[in-house]
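Notes to accompany the following structure.
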Amino acid sequence: MNIIQVLERYPTQQACINHLESIRFGDSPYCPHCNSNHVARKNDGNRVGRWNCHECHRSFNVLAGTIFQGTRVPLRKWFAAIAIMLNAKKSVSSPQLARDLDLTQPTAWYMQQRIRRAMLAEQDQLILQGIIEADETYIGGKPRKPNNRDDDTPGGQGVTDKTPVIGAVERGGKVVAQVAGDLKGNSILAFIRNTLDMRRSFLITDESTAYNAIRGLLPSVTINHSKQYVDGEVHTNTIENVWGLLKRAWYGSHHHYSIGWMPLYVAETCWKYNHRDSHNPFAAFMCGCFS
Ligand SMILES: [Zn+2]
């Protein structure tokens, strides 16, 4: 849904709460503190959406434990912010979002980081399988010259303080990528072990020696980039495509932010890639907030 559709569908704070309650509780509301179903709506007028638990005698609302917890920003603005971010091919800067939704820039930034944390949480649950392309890249520092692959390695031309990112993608499926402390064999091995179902995966990489430690653990094949980039099905074009999306988002919108936040921007790119075929990414995101 685009921002207009979202605002029309959820015209009030109560409509937003009703939607979130239907996702979280369905027909059986429960207390997030003690999981009891012995709960009832609280009738205190201005605190919309509040419930009482008759088991633990605490109160709660549907936002407890979610990215919306404790927010003073109207939920319609949250919904609109999510719609704007999901529809942005690259990304949206916080000053831009602040202008769009009449927020302060720090508030827009805070909301975006929470939205990205939800995206990261979803990615953390993924285990990949099938034909997998794994690769690394460097991001941050000065933008590299377009089409200059030699500039993509540490110590390469014009490289200053780039941050290593490692990723793996299923052919026709999902991607997992994360910021890495380094791109040595042990780091890559740990990433692959955590990300892949090793018994159900076939790995394609370039000839980097960092993958040597993995080769005996699952079927794999390498491609020699100095000779050719595509050898039938043996290529890493899928993950290269993801790196392209990541770099366009980073250099297009966020280059002036600290690289300390980069894991969240990587998560945003991955989330959008993973939901690229979804007919309703907004609904997918909302459901993900409660999973
Ligand atoms: Zn309770």
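Starting from 1, each residue takes its place in the sequence as its number. Indexing begins at 1, ligand by ligand and atom by atom, following the structure's order. Because the structure is predicted, anything quoted here is derived from the model rather than measured.
Sequence neighbours left out, the pairs with a member in residues 275-291 that pass side-chain hydrogen bond (donor to acceptor under 3.5 Å, both in side chains) are Glu122-His275, Trp271-His275. Residue pairs meeting the ring pair (Phe, Tyr, Trp, His ring centres under 6.0 Å) criterion with at least one partner in residues 61-81, sequence neighbours excluded, are Tyr10-Phe79, Phe68-Trp78, Phe79-Phe282. Applying the side-chain hydrogen bond (donor to acceptor under 3.5 Å, both in side chains) test to residues at least two apart or on different chains, the pairs with a partner in residues 188-199 are Asp197-Arg200.
In summary, the side chains of Glu55 and Tyr30 do not present any donor paired with an acceptor at a separation below 3.5 Å, with no hydrogens or angles considered.
Protein N/O/S atoms closer than 2.8 Å to the Zn ion (ligand 1), listed by chain and residue number, are Cys31 SG, Cys34 SG, Cys53 SG, Cys56 SG.
Arg50 contributes no side-chain N or O that, together with a main-chain N or O of Lys42, makes up a donor-acceptor pair within less than 3.5 Å. Proximity of a side-chain donor or acceptor of Ser22 to a complementary backbone N or O of His19 within less than 3.5 Å is detected.
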